[in-house]
Amino acid sequence: MSSTEPLISLKDVEVHFKESGGTFDFFSEPETVHAVDGVSLDIEENDVVCLVGESGCGKTTLGKTAIGLQRPTGGSVSYRGQDIWQAKDKKGDVEVPYGDIRRALQIIHQDPGSSLNPNRRVMKTLEAPLRRWQKDMSAGDRRAQVLQMLERVGMTPAEDYASRYPHQLSGGEKQRVALVRALLMDPDVILADEAISALDVSLRVEMMDLMLELQDQFDTSFVAVSHDLSNARYFAAHGGGRIGVMYLGRLVEIGPAEEIINNPKHPYTKVLRWATPNLKEEASGEPPVRAIDIPDPKNPPAGCRFHTRCPEAREACRGETPESYQVDADHEVACFRELDDHEYWSSPELAGEGPGNEGEQSSAD
Amino acid sequence: MSTHEPTRTNDARTHEVADPILEIRDAEVVFEMDRGVSRVLDNVSIDIERGEVLGIVGESGSGKSMLASAMLDAVVDPGILSGEITFHPPDGEPVDVLAQDQEGIRELRWEDISMVFQGAMSSFNPTMKVGGHFEETLKAHEYDVEAGMERARELLADLYLEPDRVLDSFAHELSGGMQQRALIALSLVLEPDVLVMDEPTAALDLLMQRSILALLEELKAKYDLTLVFITHDLPLIAELADRLAVMYAFELVEVADSDSILSRAVHPYTRSLLNATPNLDAPLSEMRPIEGSAPDPVNVPEGCSYHPRCPLADEECVSQDPGFRPTHTEDHLAACFHWEEASEAIPFNIEREVNDE
Ligand SMILES: Nc1ncnc2c1ncn2[C@@H]1O[C@H](COP(=O)(O)OP(=O)(O)O)[C@@H](O)[C@H]1O
Ligand code: SF4
Ligand code: SF4
Ligand SMILES: [Mg+2]
């Protein structure tokens, strides 16, 4: 292992889920959900990557794959150069044991309420990771460390909070407990899955500031999943990181946070920008998509997956799948419009009907 | 006025809207709890104008849902609701909502004032097709089912759904965004005049939320609706809403048309809330959280309930209740003694045009 090795490296990752048909559908072939396709991404130490996109576009699956909670059906995921799943399966020369990898990669869930045991006091919940990973720590030290971390995240008096049950905490407080629990493992990467959008608008900046402070202090990298570009901007830009835009299993644009916000290249990124409310009293008009609903990931459109909704789609987008093209040093985008000489420019536009469902005209009228 | 007035009149009555469809007067909800009396809605008064979109904004636990349930006398037990709620139908006599018997309330809900509650996606019965819900609702209210289903189809199509497919599906076979749109169609099938929505889109991604808001705007125009939209997310609703009513600690603290709120809010809480909101335009270093936290309903601070968090608070604020008052204009109401100093003390982190008139 060399020190230049990225912390996490995803190479051409694919995650397909086999799903059987409906409950009464015994005869049809199981269908395949294309959750993630062809994604390559490196996460460095002390890095921040925010994945944005609509529900069902594969953000969480990609995030879980990056931290070794989801086995990819294709491609590879490695931690400091060690293939995570070879470590798990004890295949080849395993330099970093799977147990160490698991501990180094932690997650905070979207709904902090459901991830905390309702019958356990905060202290007990937070002692558990220390018991498990630091077996020789004394009970007194353990409690002291938990209290110190609670104080660190602003939950004072810490003794009071430590003795509460989850139902005695507000949403923001539950989220902090989940953050402390993850941090007590001293992880290298924390996946925060919609951990911010679950909070009230007025509490989001505070929570993100806290996470960023801890990133600095504990050298933790964050992979944050969000459907909200405002949160992604704040978090990634402050953390000196990148925003990755996902659409139907593919990473369609990635780059430095402010670059993605101020100079978005992919038509889908522009749609997400439209969807982000501004506080400037500018009328935003109709959604700039040709269909409101995202297509079924069991049957993703051929060619560019966005072609059924893309306002810029042309005939060429139906047949061929765009690769990632370099815009700038760290800015990549998967759209033919980045290539001046692509046949896209000479092919006819796809019918420009207004928003509808799944790209079809509504049947009733 | 006594300095220790126990309850406050948070009176938006001074905002005489020309043609109110709902008048809410001194609405109060209390729960008797072991810890003491919990006043989760504290003398709220506001008029809702026929045909407007009113956005009710406040953080979690500020009492937004209580206000919504008060409008339909739907406060959960053992909460006690008092005050006056008057509904003015398009034609006919005003209806005293809180004086209705069960049958009267049952008719009023759905037929006149329809409600999409928080977390309502789970309100579809998982063993009944979506179409069954429409039929049941029509039958329960003795509407003509055939004509009603025609209307259901039209509503679904208005919401960019395929009517046949959706009516013939179980809720779980639809995406979250489709379920929510089907629910909005269902809530409109009995042709109500008012649609009250409590955080209707909070569980959806932002693109779907914004798309639904764009559709609501069209529905409102087509069916002559009055919309009350409740959310913690001020920026989300600012564009659709004609007026915004900001709640803090179980009371209204500022009511004005949306542009006025965005360009020159006068309540320190509203201004800080706007500055605390992540967005794409403000400089990153200028977004900052509001210090402190909102009060517990059994223990609301005396005087102005925002005073422990307010940078402008002085002795008057600690001991006296500011009460609602007109500010820049007769229609821009706020409960603050020092509203004239707020814009200088708490500058916005984004410049916004003041578009007068
Ligand atoms: N059934 C109940 N019994 C007692 N208190 C309640 C009950 N439901 C809600 N509350 C309290 O009422 C206050 C206002 O709640 P709510 O109207 O739901 O706020 P919002 O909708 O703004 O989040 C909160 O302090 C909440 O804890
Ligand atoms: S490749 Fe075509 S369909 Fe895809 S995003 Fe670009 S213009 Fe749109
Ligand atoms: S009345 Fe006083 S404490 Fe209350 S908001 Fe105004 S200045 Fe602040
Ligand atoms: Mg609520």
Side-chain angles (χ1 to χ4, degrees), chain A residues 22 52-57 170-172 196-197 199-209 226-235 237-238 258 261-262 271-287 289 291-294 296 355-358 360 362-365, chain B residues 59-61 153-154 156-165 173 175-178 181 204-215 231-239 258-259 262-263 272-274 276-282 284-285 287-290 293-294 348 350-353 355:
Chain A
V52 299
E54 278 163 284
S55 306
C57 70
S170 72
I196 300 304
S197 35
L199 297 175
D200 259 33
V201 164
S202 54
L203 301 175
R204 291 178 186 171
V205 165
E206 201 178 353
M207 184 70 189
M208 289 190 277
D209 282 347
S226 179
H227 62 78
D228 185 330
L229 215 50
S230 298
N231 298 337
R233 174 201 177 207
Y234 189 88
F235 196 57
H238 265 305
E258 292 288 18
I261 300 301
N262 298 318
V271 172
L272 293 182
R273 216 182 176 296
W274 171 87
T276 313
N278 68 60
L279 280 167
K280 283 181 138 179
E281 303 168 274
E282 287 156 1
S284 49
E286 291 280 302
V289 275
I292 283 183
D293 293 297
I294 193 168
D296 190 342
N357 56 322
E358 291 159 41
E360 294 153 13
S362 249
S363 51
D365 209 300
Chain B
E59 56 199 283
S60 292
R153 288 195 153 70
E154 184 174 348
L156 291 168
D158 289 337
L159 287 155
Y160 289 106
L161 292 164
E162 290 169 75
D164 291 324
R165 181 180 149 211
E173 295 171 320
S175 72
M178 291 178 172
R181 275 137 66 205
L204 304 173
D205 62 68
L206 210 43
L207 179 53
M208 182 54 72
Q209 296 189 32
R210 289 294 305 275
S211 303
I212 289 182
L213 290 189
L215 293 173
T231 179
H232 68 92
D233 196 342
L234 194 159
L236 179 71
I237 189 63
E239 188 183 328
S258 305
D259 285 349
L262 288 185
S263 61
S272 299
L273 182 64
L274 283 164
T277 304
N279 64 78
L280 298 183
D281 304 305
L284 280 173
S285 55
M287 290 181 232
R288 50 179 67 96
I290 312 178
S293 54
F348 280 142
I350 320 178
E351 282 289 322
R352 279 178 285 258
E353 298 285 309
N355 13 356

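Labels below follow one simple rule: chain letters A, B, ... track the order of the sequence lines, proteins then strands, and each chain is numbered from 1. Values in this document were obtained by computation on a predicted structure and should not be read as measured data.
No side-chain heavy atom of A:Ser55 sits less than 4.5 Å from a side-chain heavy atom of B:Leu204.
Nearest heavy atoms, A:Ser202 versus B:Glu59: OG-CB, 3.8 Å. Between B:Asp281 and A:Asn278, the closest heavy-atom pair is OD2-CB, 3.6 Å. Closest of all the heavy-atom pairs between B:Met208 and A:Ile292 is CE-CG2, 3.8 Å. Between A:Asp209 and B:Pro289, the closest heavy-atom pair is OD2-CD, 4.1 Å. Nearest approach of B:Leu284 to A:His238, heavy atoms of both residues: O-NE2, 3.6 Å. In this structure, A:Pro287 and B:Ala214 approach most closely via the heavy-atom pair CD-CB, 4.1 Å.
Proximity to chain B is limited to the side chain of A:Met208, based on heavy atoms less than 4.5 angstrom apart. Of the two parts of B:Leu215, only the side chain, counted from C-beta on, holds a non-hydrogen atom closer than 4.5 Å to a non-hydrogen atom of chain A. Looking at A:Leu199, only its backbone comes within 4.5 Å of chain B, counting heavy atoms on both sides. Neither the backbone nor the side chain of B:Glu173 comes within contact range of chain A; no heavy atom of the residue lies under 4.5 Å from a heavy atom of that chain. Of the atoms belonging to B:Leu207, heavy atoms from both backbone and side chain fall under 4.5 Å from chain A.
Side-chain atoms of A:Arg204 never come within 3.5 Å of backbone atoms of B:Thr277 as a donor-acceptor pair (strictly under, hydrogens ignored).
Among B:Ser272, B:Ala238, B:Ser175, B:Ser211, the residue with the largest count of heavy-atom pairs under 4.5 Å with chain A is B:Ser211. Of the listed residues A:Glu206, A:Glu54, A:Glu258, A:Met207, the one with more heavy-atom pairs under 4.5 angstrom with chain B than any other is A:Glu54. Between chain B and the residues A:Ile196, A:Thr276, A:Leu203, the most heavy-atom pairs under 4.5 angstrom are made by A:Thr276.
Taking A:Ser197 as the reference, A:Glu194 meet the side chain to side chain donor-acceptor pair (under 3.5 Å) condition, with sequence neighbours excluded.
With rounding to the nearest 0.5 Å, the separation of OG in A:Ser230 from CG in B:Asn279 is 6.0 Å. Considering CZ of A:Arg273 and CG of B:Leu206, their distance stands at 12.5 Å, rounded to 0.5 Å.
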